[in-house]
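Please read these numbers as outputs of a predicted model, since none were measured by experiment.
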Number of protein chains: 2
Amino acid sequence: MPYDPSAFPPFAVTVDLVVLTVRRHSLCALAVRRGEPPFQGRWALPGGFVRSDEDLATAAARELAEETGLHVLHDPACPATANAAHLEQLATYGDPKRDPRMRVVSVAHLALAPDLPAPRAGGDAHSVRWAPVEDLLDRDGHARDGEQAAPLAFDHARILADGVERARSKIEYSSLATAFCPQEFTVGELRRVYEAVWGVALDPRNFHRKVTGTPGFLVPTGGTTTRQGGRPAQLFRAGGATLLNPPMLRPEA
Amino acid sequence: MPYDPSAFPPFAVTVDLVVLTVRRHSLCALAVRRGEPPFQGRWALPGGFVRSDEDLATAAARELAEETGLHVLHDPACPATANAAHLEQLATYGDPKRDPRMRVVSVAHLALAPDLPAPRAGGDAHSVRWAPVEDLLDRDGHARDGEQAAPLAFDHARILADGVERARSKIEYSSLATAFCPQEFTVGELRRVYEAVWGVALDPRNFHRKVTGTPGFLVPTGGTTTRQGGRPAQLFRAGGATLLNPPMLRPEA
DNA sequence: CTGTTTATCGTCAAGCAGACGACTATGATC
DNA sequence: GATCATAGTCGTCTGCTTGACGATAAACAG
């Protein structure tokens, strides 16, 4: 009964991307404006069809490159080309009514990238932008510039919320927060990543003790920088560890 | 360019199930024997096509019920019917070559169930069984009864490994381990779940202190039981908490 | 030179985890 | 019934981690 090659309902399969970065102390996601119905003119997550000979991860990496110019950091040993991002599968959404035109199953992926100079719009510049995730998820009005009062297209608000939640929890027990930083970064910059993603303030002294004391998290490069003002800070690079033990603790309440 | 309703490659979409339980102190998964090519005669994970009007979670719940008679525990307030299981989406597998016949994208789901009296085979009894996950994943020989030397069909070994890994990590920070227990259970039974899933031995006294001290994890029912031998043990029911803070700590090394 | 900013080191108390002793309440065995 | 084996439950002690926070260091702005 299963796997009858002639009798199965056909589906369209897409990948959608939750691309997150930290800009100006807030967590931002990449949004594209839809140029055609349905949801014409509304903001949506970038994505597209999976090609017939393409793996899901390959399709996600292709869409990411098309949309942002970012490349996926495959090999942890390779110290990352300039525009490197972390990419992982997030979840799959297949409600029969999620696309009014046809049955579409979307395999959402989560990408984390350092703050980039420009969104590098694929076609026209003002159809792609970084937006704070609160703005994209807040449908309860108080749109501050009157632009994004409308919620995201399709079920993309839920996908984005799931991606943000994944990122928030994953930086607790993994070294993924370094994916938001440039290749070399300071402890303060890493702390501001945690503060932006979690939306809390962290004690700089305890944070410094914690991350420098976790083996494999950070390796000093020897250099220092003063780009944040104040006393020069040591520069670090992400260490080999991917899982942090003990984990970073997110303040409660 | 995206979402052209007339031009997209068609996919078959299936759900595959990693159904885990704890039997006789070891973590077991449900396996079905394939009755037709490809991989005829090999063991595989249960699964089937998603119907054209069906949500992914619905399809997974349907397959689970067909294969095991288990029903999904939807409402945490409802104290679970007799055969209740936890069900969640695991990951999606879409390698173009994962099925030799056609392009199949499989949305794998993870189900956790208490030890059941009988596997409740759908059709013929000996085509469905519980097998220790080590037996199903160990392809390096030493098959103890000469039966499961062959690896699982398709990419099901990887799916199973991912599901086991998800279960192992998720019982650390959530109360999911109670999904392996009957409605009422003792601290010792819960500890044996952790020991079986993690494959370690835990100190009964520290474990008892920890789980009874975590708010919302366990609520005493008032009853006691002596089904494990020895001194009668208090019976508990799963509390409302789903996230454990602080988490259970898996011994390292 | 003084104030401001950020980085970094130290101290201290509270809490939690691992190791482990001690006691309790059953059933099994002699 | 005494004894033993088995599980369960309660305590104690010690070391480590954490959170709160004081203090110092090194840059820049006026």
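Side chains of D162(B) and Y93(B): a donor on one and an acceptor on the other come within 3.5 Å.
Both G229(B) and P247(A) sit near DNA chain D, but only G229(B) has its closest nucleotide nearer the 5' end. Checking G230(B) against F236(B), the closest nucleotide of DNA chain D that is more toward the 5' end is the one next to G230(B).
The base of dG11(D) lies outside donor-acceptor range of the side chain of R205(B), with no N or O pair under 3.5 Å. For R209(A) and dG19(D), a side-chain-to-base donor-acceptor distance below 3.5 Å is present, hydrogens and geometry of angles not being considered. Residue R231(B) places no side-chain atom within donor-acceptor reach of the base of dA25(C), judged by atom type and a 3.5 Å distance cut-off alone.
One interatomic measurement links the two molecules: CG of D203(A) to C1' of dG10(C), which rounds to 13 Å at whole-angstrom precision. Atom CG of L190(A) and atom P of dT8(C) are 12 Å apart (whole Å).
Residue-level contact check: R227(A) touches neither bases nor backbone, having no heavy atom under 4.0 Å from any strand. R192(A) comes within contact range of the sugar-phosphate backbone alone, with a heavy-atom separation under 4.0 Å but no base atom that close.
Checked against dG18(C), dA20(D), dT24(C), the side chain of L249(B) finds its nearest nucleotide in dG18(C). Here the side chain of Q228(A) is nearest to one of dC20(C), dT9(D), dT6(C), namely dT6(C). Listed nucleotides dA17(C), dA7(D), dT8(C) differ in distance to A233(A); the shortest reach to its side chain belongs to dT8(C). Nearest to the side chain of P204(B), among dT9(D), dC9(C), dG18(C), sits dT9(D).
No more than 12 heavy-atom neighbours from other residues, nucleotides or ligands sit within 6.0 angstrom of CZ on R24(B).
Side-chain nitrogen and oxygen atoms of H208(B) include none within less than 4.0 Å of the OP1 or OP2 phosphate oxygen of dG8(D). For K210(A) and dT18(D), the shortest distance from a side-chain N or O to OP1 or OP2 is below 4.0 Å.
Here the side chain of S175(A) pairs a donor or acceptor atom with the backbone of A241(A) at under 3.5 angstrom.
Under the 6.0 Å distance and 45° angle rule, R129(B) counts as a cation-pi partner of W43(B).
Across all their heavy atoms, V107(A) and H109(A) have their closest contact at O-ND1, 3.1 Å.
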